[in-house]
Amino acid sequence: QVQLVESGGGLVQAGGSLRLSCLASGRTFSRNAMAWFRQAPGKEREFVAAISWSGGSTYYADSVKGRFTISRDNAKNTVYLQMHSLKPEDTAVYYCAATSRAYYTGNYYSLMEYEYWGQGTQVTVSS
(Lines give C-alpha, C1' and ligand atoms only; values in the text may rest on other atoms or scores of the structure.)
Protein backbone atom coordinates (compact mmCIF):
# COMPACT_ATOMS: atom_id res chain seq x y z
CA GLN A 1 0.00 0.00 0.00
CA VAL A 2 1.45 3.32 -1.07
CA GLN A 3 1.39 6.03 1.55
CA LEU A 4 2.63 9.58 1.75
CA VAL A 5 2.76 10.85 5.32
CA GLU A 6 3.40 14.50 6.05
CA SER A 7 4.77 15.84 9.31
CA GLY A 8 6.25 19.02 10.72
CA GLY A 9 3.25 21.29 10.62
CA GLY A 10 2.23 23.45 13.53
CA LEU A 11 1.60 26.94 14.85
CA VAL A 12 4.25 29.57 14.26
CA GLN A 13 4.43 33.34 14.48
CA ALA A 14 4.78 35.48 11.40
CA GLY A 15 8.39 35.61 10.33
CA GLY A 16 9.11 32.19 11.73
CA SER A 17 10.17 28.97 10.06
CA LEU A 18 8.94 25.41 9.73
CA ARG A 19 10.23 22.33 7.96
CA LEU A 20 7.73 19.89 6.54
CA SER A 21 8.62 16.31 5.74
CA CYS A 22 6.86 13.77 3.56
CA LEU A 23 7.80 10.13 4.01
CA ALA A 24 6.77 7.76 1.26
CA SER A 25 6.22 4.09 1.90
CA GLY A 26 4.96 1.11 -0.03
CA ARG A 27 7.20 1.78 -3.02
CA THR A 28 10.16 3.90 -3.92
CA PHE A 29 9.59 7.32 -5.42
CA SER A 30 13.20 7.92 -6.31
CA ARG A 31 12.26 8.16 -10.00
CA ASN A 32 9.11 10.24 -9.52
CA ALA A 33 8.48 13.94 -9.33
CA MET A 34 7.13 15.13 -6.01
CA ALA A 35 5.42 18.30 -4.91
CA TRP A 36 3.77 20.28 -2.17
CA PHE A 37 0.34 21.83 -2.49
CA ARG A 38 -1.71 23.70 0.07
CA GLN A 39 -5.34 24.46 0.71
CA ALA A 40 -6.65 27.26 2.87
CA PRO A 41 -10.20 27.24 4.23
CA GLY A 42 -12.68 28.12 1.51
CA LYS A 43 -10.05 28.09 -1.21
CA GLU A 44 -8.96 25.67 -3.87
CA ARG A 45 -5.86 23.56 -3.48
CA GLU A 46 -2.89 25.40 -4.93
CA PHE A 47 0.60 24.56 -6.06
CA VAL A 48 3.46 25.45 -3.72
CA ALA A 49 6.61 23.71 -4.95
CA ALA A 50 7.78 20.71 -6.94
CA ILE A 51 11.00 18.82 -7.48
CA SER A 52 12.09 16.56 -10.31
CA TRP A 53 12.93 12.94 -9.70
CA SER A 54 16.65 13.67 -9.59
CA GLY A 55 16.30 16.80 -7.52
CA GLY A 56 18.03 18.73 -10.26
CA SER A 57 15.04 20.93 -11.04
CA THR A 58 12.75 22.76 -8.66
CA TYR A 59 9.65 24.85 -9.25
CA TYR A 60 7.92 27.35 -6.99
CA ALA A 61 4.76 29.38 -6.84
CA ASP A 62 5.49 33.08 -7.07
CA SER A 63 4.00 33.59 -3.62
CA VAL A 64 6.65 31.43 -1.94
CA LYS A 65 9.67 31.98 -4.17
CA GLY A 66 12.68 33.04 -2.15
CA ARG A 67 11.10 31.92 1.14
CA PHE A 68 10.46 28.19 0.64
CA THR A 69 12.87 25.49 -0.47
CA ILE A 70 11.91 22.01 -1.64
CA SER A 71 14.42 19.19 -1.45
CA ARG A 72 14.48 15.42 -1.43
CA ASP A 73 16.48 12.53 -0.07
CA ASN A 74 15.86 9.55 -2.32
CA ALA A 75 17.73 7.22 0.00
CA LYS A 76 15.15 8.03 2.68
CA ASN A 77 12.21 8.23 0.28
CA THR A 78 11.49 11.64 1.76
CA VAL A 79 10.78 15.10 0.41
CA TYR A 80 11.07 18.26 2.47
CA LEU A 81 9.69 21.78 2.39
CA GLN A 82 11.73 24.31 4.33
CA MET A 83 9.66 27.42 4.96
CA HIS A 84 11.11 30.72 6.13
CA SER A 85 9.64 34.19 6.67
CA LEU A 86 6.21 32.72 7.10
CA LYS A 87 3.20 34.96 6.65
CA PRO A 88 -0.38 34.62 7.89
CA GLU A 89 -1.44 34.01 4.28
CA ASP A 90 0.68 30.84 4.31
CA THR A 91 -1.82 29.31 6.73
CA ALA A 92 -3.24 26.17 5.12
CA VAL A 93 -3.21 22.41 5.10
CA TYR A 94 -0.09 21.34 3.22
CA TYR A 95 -0.22 18.22 1.09
CA CYS A 96 2.56 16.11 -0.33
CA ALA A 97 2.03 14.62 -3.77
CA ALA A 98 3.87 12.33 -6.15
CA THR A 99 3.54 11.36 -9.78
CA SER A 100 3.06 7.74 -10.73
CA ARG A 101 5.15 8.04 -13.87
CA ALA A 102 8.88 7.61 -13.60
CA TYR A 103 11.17 10.32 -14.96
CA TYR A 104 8.23 12.67 -15.24
CA THR A 105 8.72 15.87 -17.24
CA GLY A 106 5.51 17.79 -17.66
CA ASN A 107 3.42 20.40 -15.98
CA TYR A 108 4.75 20.26 -12.43
CA TYR A 109 2.34 23.02 -11.42
CA SER A 110 -0.87 21.08 -12.06
CA LEU A 111 -2.39 18.96 -9.30
CA MET A 112 -3.90 16.75 -12.00
CA GLU A 113 -0.43 15.40 -12.75
CA TYR A 114 -0.04 13.83 -9.30
CA GLU A 115 -1.63 10.48 -8.54
CA TYR A 116 -0.49 9.96 -4.97
CA TRP A 117 -1.44 12.27 -2.11
CA GLY A 118 -0.85 12.47 1.59
CA GLN A 119 -3.44 13.37 4.20
CA GLY A 120 -1.98 16.78 4.86
CA THR A 121 -0.44 18.67 7.75
CA GLN A 122 -1.78 21.92 9.17
CA VAL A 123 0.38 25.01 9.12
CA THR A 124 -0.94 28.02 11.01
CA VAL A 125 0.90 31.35 10.98
CA SER A 126 -0.23 33.89 13.54
CA SER A 127 0.18 37.61 13.02
Side-chain angles (χ1 to χ4, degrees):
Q1 181 182 1
V2 175
Q3 279 192 311
L4 300 177
V5 180
E6 303 94 337
S7 62
L11 174 64
V12 64
Q13 288 188 331
S17 300
L18 281 175
R19 187 197 196 202
L20 305 183
S21 299
C22 172
L23 174 63
S25 62
R27 57 162 282 185
T28 178
F29 284 92
S30 62
R31 292 185 291 274
N32 302 80
M34 299 190 74
W36 290 94
F37 287 78
R38 67 186 181 187
Q39 188 166 17
K43 295 187 177 181
E44 293 186 350
R45 193 169 299 190
E46 65 175 6
F47 172 81
V48 176
I51 188 166
S52 63
W53 68 272
S54 66
S57 297
T58 56
Y59 308 85
Y60 296 95
D62 288 342
S63 59
V64 307
K65 205 170 292 184
R67 300 189 297 123
F68 291 10
T69 302
I70 188 170
S71 61
R72 65 189 299 162
D73 185 337
N74 284 341
K76 296 181 178 179
N77 229 19
T78 300
V79 65
Y80 304 97
L81 185 69
Q82 179 68 56
M83 305 185 293
H84 293 300
S85 303
L86 283 161
K87 305 175 181 179
E89 50 263 43
D90 294 318
T91 295
V93 177
Y94 283 69
Y95 297 91
C96 175
T99 63
S100 63
R101 288 159 285 174
Y103 309 117
Y104 174 83
T105 55
N107 183 0
Y108 289 87
Y109 301 86
S110 172
L111 60 83
M112 301 300 291
E113 298 296 302
Y114 299 89
E115 290 81 12
Y116 298 104
W117 291 86
Q119 293 300 305
T121 184
Q122 177 71 46
V123 171
T124 303
V125 184
S126 63
S127 57

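The first residue of the sequence shown is numbered 1, and numbering continues consecutively from there. Note that the structure is predicted; figures quoted are calculated from it, not measured. All values below come from the heavy atoms of this structure, side chains included, with hydrogens, waters and symmetry mates left out.
Placement of V125 and V64 within a single hydrophobic cluster is found when ILVMFWY residues are connected by side-chain heavy-atom separations under 4.5 Å, directly or transitively. Connection of V12 to L81 is established within a shared hydrophobic cluster, with ILVMFWY side chains joined at heavy-atom distances below 4.5 Å, either directly or through further cluster members. L23 and L4 are members of different hydrophobic clusters when ILVMFWY side chains are connected at heavy-atom separations under 4.5 Å. Cluster annotation: F37 and I51 are assigned to distinct hydrophobic clusters (Ile/Leu/Val/Met/Phe/Trp/Tyr, side-chain heavy-atom contacts under 4.5 Å, transitive). Cluster membership for M34 and V5, using ILVMFWY side-chain heavy atoms within less than 4.5 angstrom, is not shared.
Under the 3.5 Å distance criterion, the side-chain polar atoms of T78 are matched with a main-chain donor or acceptor of K76. Of the possible polar contacts, one joining the Y60 side chain to the I70 backbone as a donor-acceptor pair under 3.5 Å is found. Judged by distance alone, with hydrogens and angles left aside, the side-chain atoms of E6 form a donor-acceptor pair with the main-chain N or O of C96 at under 3.5 Å. A donor-acceptor pair is defined here as one N or O able to donate and one able to accept, closer than 3.5 Å; no such pair exists between the side chain of Y114 and the backbone of S110.
Here the straight-line distance linking atom CG of N77 with atom OG of S25 works out to 8.0 Å at 0.5 Å rounding. Between the CZ atom in R101 and the CD atom in E115 there is a gap of 5.0 Å [rounded to 0.5 Å]. Here the CH2 atom belonging to W53 is positioned 8.5 Å from the CZ atom belonging to R31, to the nearest 0.5 angstrom. Expressed to the nearest 0.5 Å, how far OG of S52 lies from OH of Y108 amounts to 5.0 Å.
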Stepwise side chain to side chain contact (heavy atoms under 4.5 Å, CB included) test for L20 and V123: CA-CA 9 Å; L20 305 183; V123 171; 4.0 Å; yes

F68 vs Q82, side chain to side chain contact (heavy atoms under 4.5 Å, CB included): CA-CA, chis, key distance, verdict: CA-CA 5 Å; F68 291 10; Q82 179 68 56; over 6 Å; no

Evaluation steps, side chain to side chain contact (heavy atoms under 4.5 Å, CB included), between R38 and R45: CA-CA 5 Å; R38 67 186 181 187; R45 193 169 299 190; over 6 Å; no

Stepwise side chain to side chain contact (heavy atoms under 4.5 Å, CB included) check, T121 with V93: CA-CA 5 Å; T121 184; V93 177; 6.0 Å; no

D62 vs K65, salt bridge (charged side-chain N to carboxylate O under 4.0 Å, His left out): CA-CA, chis, key distance, verdict: CA-CA 5 Å; D62 288 342; K65 205 170 292 184; 3.1 Å; yes

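The closest side-chain donor-acceptor pair between T91 and E89, if any, does not fall under 3.5 angstrom. Between the side chains of R27 and N32, at least one donor-acceptor pair of N or O atoms lies under 3.5 Å.
Other residues, nucleotides and ligands contribute more than 12 heavy atoms inside 6.0 Å of the CD atom of Q122.
Under the 30°/60° scheme for interplanar angles, the aromatic rings of W117 and Y95 are found to stand perpendicular.
The distance between the ring centers of W36 and Y94 does not fall below 6.0 angstrom. When ring centroids are compared, Y59 and F47 stay outside the 6.0 Å threshold.
For S85 against S17, the heavy-atom pair with the smallest separation is N-OG, 4.4 Å. Here the shortest heavy-atom pairing between A40 and A92 reads N-CB, 3.8 Å.
With Y80 as the aromatic partner, R19 meets the cation-pi criteria of under 6.0 angstrom to the ring centre and within 45 degrees of the ring axis.
Residues R72 and N74 have side chains in contact (heavy-atom distance under 4.5 Å, counting atoms from C-beta outward). Between R67 and K87, the closest side-chain pair of non-hydrogen atoms falls below 4.5 Å.
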